[in-house]
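As structure tokens, the structure follows; a few thoughts come after it.
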Amino acid sequence: MLKKMQCLMLILATLCEVNAYRYLLVSPIPGKSHAILGEALVENLVNAGHEVTYITSFIPDKLHSRVTIVDVSENIKRLPEEESFNITAIMDGKNKISSIAFLASLMMNISKDTIENPNVQKLITDRTQTFDAVISEWMFNEVYAGFAGIFNCPFIWFSSIEPHWVLLELVDEMPNPAYTATVSSNRIPPLTFEERVTELYSQIVGRLMKTFLVSGLEHEIYNDIFVPVIRNRHNFVPDFETLRYNASLLLSNSHLSMGIAAKLPPNVICIGGYHIKPNVKPLPEDLQQLMDNAKHGVIYFSMGSTLRSTNFPDDVKKELLEMFGKFKQTVIWKFEEQLPNSPSNVHIVQWAPQQSILAHENCILFITHGGLLSTTETVHYGVPTIGIPVFGDQFVNVARAVKKGFALKVDLSHTMASDLEIAIGKILDNPKYTTRIKELSQIYHDRPVPPAKELVHWVEHVVKTRGAVHLRSPALMVPWYQKLYIDLILVILVIVIILKYVFRYLYSILFTKRKEKVN
Ligand SMILES: *[C@@H]1O[C@H](CO)[C@@H](O)[C@H](O)[C@H]1NC(C)=O
């Protein structure tokens, strides 16, 4: 019996061995939430038995033996100075980091730095390195598609947000702006006449910017940095435009419960929530007790990891404390500094296990900056929110949460304490926000397989089927003039013109003959 068991184990082990693939994960954006998503990808792939080489700006605390880190932490220096994330500056309208043009150029610089980084150069010039697939995070440009040219293997895009037209165009086609919204817009279909026109306008402007501003830089980076490396490995140098449109899969960190029911090709896989582990970590003892004993429930307040509390204006801090003190609920405020004269119901913690707090049944409200990870977690655990967006996609996320009916929005301002007081009152008094988030949470959880499993399945599927060409949308192959039937219109036009001349000719023959008769 023991022999048989050992034999079985051996067979299983060899089976696992056969199915172990080597992935290159390119996730070098120097932002904490991007790193959380990147690490979760690594973890899921490694736990499924695969090897991962991970290009990242943040070195994970715990390293699995099947993970190789390619350190690009130099990228962190590229970020705009602290000033940009200074909350007072943002309140006074002095920040620039929300502009798409600024982000696009920042990301282009980060892409170039990443590829030129000595550690990445060492990896790509090493001719013994091979991969079964490259997975790369998309961030405002497509230069990383060049990695697929180097390693001559299938390529997978990862998007930290819901698919938008720039991504859909890479795997399918531009979606119709009459019922889809661009990445930076917080409009939600159904759109009014004005909104439809604005969406059309921003798609056209965006497309022109991509073609005339971004594309040139991408080609430059590809030709200067990727092509020499590719030449050194094999004779075949693919065209950059071919690589750009050659992705096998688009993994999207989104889910219908939080987004819009968009038309998607079969190779777009939505895995929103994959970063959340099935079993939530237990709370530290003091927090556990605090939350267990909160008779009136717990309000959890956190502005995420990027904003520094020290930059909060003193009068706002004081007013927030006073305001929280008026409620009978227990307040857990994640803040990097202790504040004097805190009311007895307010507990300031330097570090907070966010998921464990949201998972506690007494957590009744989450006051958040509305980052996508926080939004996903709040839907996962079913807690209504008050969103105070600060930059980036937070505005869109909060606008959607409000429209979905589980959140209220408060502007970041010097008077935010009094606005927040009204919003908290509304959510505590009216159960509709909680009812709605519970409904969405049910939709979120009601999937045939958990998102992390789905992620692993499709990423393996790409390797097993050598690029999953069967999943690709035929729309990708059809040029825009064919989709609009411009060629048909031209053919009809030519026929009409020819017919016109034929008739004119026939007419002139008949007419002259008659004339002759008359004469
Ligand atoms: C495009 O992708 C397929 C499937 O991954 C691959 O076989 C092919 O070589 C790729 N084309 C280029 C030019 O890299």
Side-chain angles (χ1 to χ4, degrees), residues 18-27 41 45 48 50-53 55 111 114-115 120 123-138 141-159 163 166-173 210-211 214-252 264-269 271 454-479:
V18 169
N19 286 331
Y21 303 133
R22 278 173 60 78
Y23 292 99
L24 172 64
L25 175 60
V26 186
S27 175
L41 279 171
L45 290 173
H50 306 298
E51 282 177 42
V52 183
T53 297
I55 302 182
S111 300
T114 301
I115 303 160
V120 175
L123 172 83
I124 59 182
T125 49
D126 178 356
R127 293 174 59 164
T128 61
Q129 289 282 359
T130 55
F131 293 102
D132 294 302
V134 174
I135 307 170
S136 169
E137 179 167 9
W138 184 93
N141 68 65
E142 283 112 40
V143 278
Y144 297 141
F147 284 107
I150 293 177
F151 297 108
N152 201 11
C153 64
F155 185 80
I156 297 168
W157 285 118
F158 170 78
S159 166
V166 190
L167 289 164
L168 291 175
E169 195 233 4
L170 294 173
V171 290
D172 184 33
E173 62 182 344
K210 274 203 81 186
T211 308
V214 182
S215 187
L217 294 170
E218 288 171 328
H219 279 263
E220 208 172 279
I221 294 177
Y222 181 68
N223 291 332
D224 294 352
I225 319 179
F226 281 107
V227 170
V229 177
I230 297 176
R231 282 234 166 82
N232 191 31
R233 290 181 151 255
H234 35 83
N235 304 328
F236 172 65
V237 179
D239 178 45
F240 179 67
E241 290 304 318
T242 312
L243 292 178
R244 190 204 292 275
Y245 291 105
N246 199 36
S248 300
L249 212 62
L250 165 59
L251 296 170
S252 159
L264 300 174
N267 60 351
V268 175
I269 309 296
I271 50 165
E454 214 175 338
L455 150 72
V456 172
H457 168 84
W458 289 106
V459 170
E460 288 176 350
H461 183 79
V462 165
V463 179
K464 279 184 210 159
T465 62
R466 289 191 300 280
V469 179
H470 57 283
L471 293 180
R472 296 193 191 179
S473 162
L476 200 56
M477 299 298 150
V478 185

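Indexing begins at 1, ligand by ligand and atom by atom, following the structure's order. All values reported here derive from a predicted model rather than from experimental measurement.
Side-chain atoms of R22 come within 3.5 Å of backbone atoms of T130 as a donor-acceptor pair (strictly under, hydrogens ignored). Proximity of a side-chain donor or acceptor of H234 to a complementary backbone N or O of I150 within less than 3.5 Å is detected.
Two rings, from F147 and F131, have their centers 6.0 Å or more apart.
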*Step by step, work out the side chain to side chain donor-acceptor pair (under 3.5 Å) result for R244 and N141.*
CA-CA 10 Å; R244 190 204 292 275; N141 68 65; over 6 Å; no

*Test side-chain contact (heavy atoms from CB on, under 4.5 Å) on V26 and I135 and set out the steps.*
CA-CA 6 Å; V26 186; I135 307 170; over 6 Å; no

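For ligand 1, residues of the protein lying within 4.0 angstrom by heavy-atom distance are P154, P238, T242, L243, N246, S248, R466, G467, R472.
To the nearest 0.5 Å, atoms OG (S252) and CD1 (I269) are separated by 10.0 Å.
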